[in-house]
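For reference, the structure is listed below as structure tokens.
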Amino acid sequence: MTNPRFWLIVPAAGIGQRMQAECPKQYLRIDRRYILDITLSRTLDSAPFDGCMVALHPDDCWWPDTEASGDSRIQTCRGGSERADSVLSALRALTPHAGADDWVLVHDAARPCLHRDDLTRLITSLQNHDVGGLLASPVADTLKRGSNATPPEALETVDRSSLWRALTPQMFRYAKLVNALEQALENGQPVTDESSAMEFSGNMPVLVEGRPDNIKVTVPADLALAGFILSQL
Ligand code: CTP
Ligand code: MG
């Protein structure tokens with residue numbers, strides 16, 4: 001069998017509703033660069049990928065202005081209405097190139113702070129695995145189950161000892177991931193990350209511990225935080 005290749009998929013077709021900015025959050029700037037450019041260059045420069053597919057919103061008018069649009073390692077495709085649709089669209093765009101056992105790493109456009117060591121550890125931990133897995137970080141805070149009242153009241157304290165925050169990249173075998181996403185979407189399952197689709201199809205993704213500062217820029221306060229984290233890396 002030939003060695004599996006490594007493909008990077010970056011879903012970047014969201015509109016960043018929670019960020020409440022004048023443009024999608026992947027096109028906000030940190031230190032004068034687009035978040036999407038920071039994410040793509042940090043990731044592509046940290047591991048030997050064979051190719052990269054970026055899913056873009058059909059009405060995206062910012063991409064031509066990015067550094068990444070001139071990068072020969074990167075191709076683009078049309079994203080879908082949910083994140084999982086965008087990832088599936090990128091997987092299908094790779095069909096002519098990718099083999100069933102090739103690895104696909106899916107990494108959110110909105111996570112510019114990925115550390116090279118985390119990416120390396122994810123790949124080295126999983127490269128001989130049948131299914132794959134994801135970067136994840138143990139939950140640090142005490143967790144409460146809240147009631148439906150306004151304001152919500154604490155009903156109980158939830159045991160956090162086996163709870164993890166799912167991060168990206170998430171790394172899975174090409175054919176297994178396509179099948180899992182198709183099956184989950186057909187069954188109306190909520191698919192908020194690749195791992196949830198793999199879990200639904202009966203696979204057990206490996207949790208590879210990653211740095212908690214691999215944050216997803218989601219709300220306005222995250223922008224300054226991401227800038228600070230990047231300045232310290
Ligand atoms: N994403 C995507 N296609 C979608 C929705 C999201 O490619 N239809 C991407 C986003 O661009 C982002 C990643 O998936 O890089 C994680 O999603 P999220 O943080 O939820 O981003 P948005 O959907 O843009 O933000 P919001 O949910 O606040 O609208
Ligand atoms: Mg979203």
Side-chain angles (χ1 to χ4, degrees), residues 7-30 33-44 49 52-69 71 74-94 104-114 118-119 134-137 164-172 177-178 180-182 184-185 188-198 210 212-227 229-230:
W7 305 99
L8 176 64
I9 285 180
V10 174
I15 56 167
Q17 206 159 14
R18 287 168 287 180
M19 198 70 196
Q20 299 166 345
E22 67 288 349
C23 63
K25 59 193 183 184
Q26 56 274 28
Y27 295 113
L28 293 173
R29 293 178 193 262
I30 295 176
R33 293 179 75 205
Y34 287 132
I35 287 179
L36 181 54
D37 275 328
I38 300 171
T39 302
L40 284 167
S41 62
R42 287 184 66 82
T43 311
L44 283 168
F49 288 101
C52 170
M53 189 63 70
V54 180
L56 298 175
H57 194 281
D59 301 330
D60 186 319
C61 59
W62 293 273
W63 173 257
D65 192 37
T66 60
E67 298 160 19
S69 62
D71 188 326
I74 301 173
Q75 290 180 277
T76 63
C77 68
R78 195 184 167 101
S81 56
E82 301 293 333
R83 182 183 176 285
D85 302 307
S86 297
V87 171
L88 198 51
S89 162
L91 285 162
R92 288 182 177 141
L94 284 175
V104 181
L105 280 81
V106 182
H107 183 50
D108 289 328
R111 285 186 201 269
C113 306
L114 173 63
D118 271 6
L119 182 59
L134 60 149
L135 285 178
S137 176
W164 296 72
R165 290 166 51 220
L167 310 172
T168 74
Q170 304 203 353
M171 169 171 160
F172 294 107
L177 182 56
V178 173
L181 282 169
E182 285 177 345
L185 292 176
Q189 285 292 311
V191 183
T192 51
D193 65 352
E194 291 59 57
S195 183
S196 56
M198 296 299 284
D213 60 5
N214 177 12
I215 63 165
K216 179 160 69 74
V217 175
T218 305
V219 294
D222 293 334
L223 194 60
L225 184 57
I229 293 166
L230 284 166

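Both ligands and their constituent atoms are indexed starting at 1 by order of listing.
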Report task. Quickly, which of Val10, Thr168, Ile38 forms a side-chain contact (heavy atoms from CB on, under 4.5 Å) with Arg111? Name it, please. Result -> Thr168

Query raised in the report: Is there at least one pair of N or O atoms, one from Thr218 and one from ligand 1, spaced under 3.5 Å apart?
Result: no

Query - Nearest protein heavy atom with distance in Å, relative to atom 13 (C) of ligand 1 - result: Asp108 OD1, 3.4 Å

Query raised in the report: When you measure from atom 29 (O) of ligand 1 to every protein heavy atom, which one gives the shortest distance, and what is it?
Result: Gln17 N, 2.7 Å

Query raised in the report: Of all the non-hydrogen atoms in the protein, which one sits nearest to atom 17 (O) of ligand 1, and at what distance?
Result: Arg83 CD, 4.3 Å

Query raised in the report: Do Arg42 side-chain atoms and Leu114 backbone N/O form a donor-acceptor pair below 3.5 Å?
Result: yes

Query raised in the report: Just by distance, with hydrogens left out, do Tyr27 and Asp60 show a side-chain donor and acceptor under 3.5 Å apart?
Result: yes

Query raised in the report: Among protein heavy atoms, which lies nearest atom 8 (N) of ligand 1, and at what distance?
Result: Gly80 O, 2.9 Å

Requested in this report: Any chance you could measure Leu230, atom CG, to Arg33, atom CZ, to the nearest 0.5 Å?
Outcome: 9.5 Å

Query raised in the report: Below 3.5 angstrom, do we get any N/O pair linking Val217 and ligand 1?
Result: no

Query raised in the report: For ligand 1, is any non-hydrogen atom under 4.0 Å from Ala55's backbone (N, CA, C, O), its side chain (CB onward), both, or neither?
Result: neither

Query raised in the report: What's the spacing between Met171 CE and Leu119 CG if we round to 0.5 Å?
Result: 9.0 Å

Query raised in the report: Taking Ser195 for the side chain and Asp193 for the main chain, is one N or O donor matched with an acceptor at less than 3.5 Å?
Result: no

Report task. Specify the protein heavy atom at minimum distance from atom 7 (O) of ligand 1: its residue, its atom name, and the distance to 0.1 Å. Result -> Ala13 N, 2.9 Å

Query raised in the report: Identify the closest protein heavy atom to atom 11 (O) of ligand 1: which residue and atom is it, and at what distance?
Result: Gly14 N, 3.0 Å

Query raised in the report: Is the closest heavy-atom distance from Ser81 to ligand 1 below 4.0 Å?
Result: yes

Query - Verdict with supporting geometry, Leu40 and Asp71, side-chain contact (heavy atoms from CB on, under 4.5 Å) - result: CA-CA 10 Å; Leu40 284 167; Asp71 188 326; over 6 Å; no

Report task. Taking only heavy atoms of Ile15 into account, list the atoms of ligand 1 that are under 4.0 Å away from them. Result -> 24 (O)

Query raised in the report: Counting heavy atoms only, which of Ser86, Gly16, Pro24 comes nearest to atom 24 (O) of ligand 1?
Result: Gly16

Query raised in the report: Would a distance-only check, ignoring hydrogens and angles, find a side-chain to backbone donor-acceptor pair under 3.5 Å from Arg165 to Ser137?
Result: no

Report summary line: OG1 (Thr218) and NZ (Lys25) are apart, to the nearest 0.5 Å, by 4.5 Å

Query raised in the report: Which of these, Lys25, Glu82, Arg18, has its nearest heavy atom closest to atom 27 (O) of ligand 1?
Result: Arg18

Query - Nearest non-hydrogen protein atom, atom 12 (C) of ligand 1 - result: Pro11 O, 3.8 Å

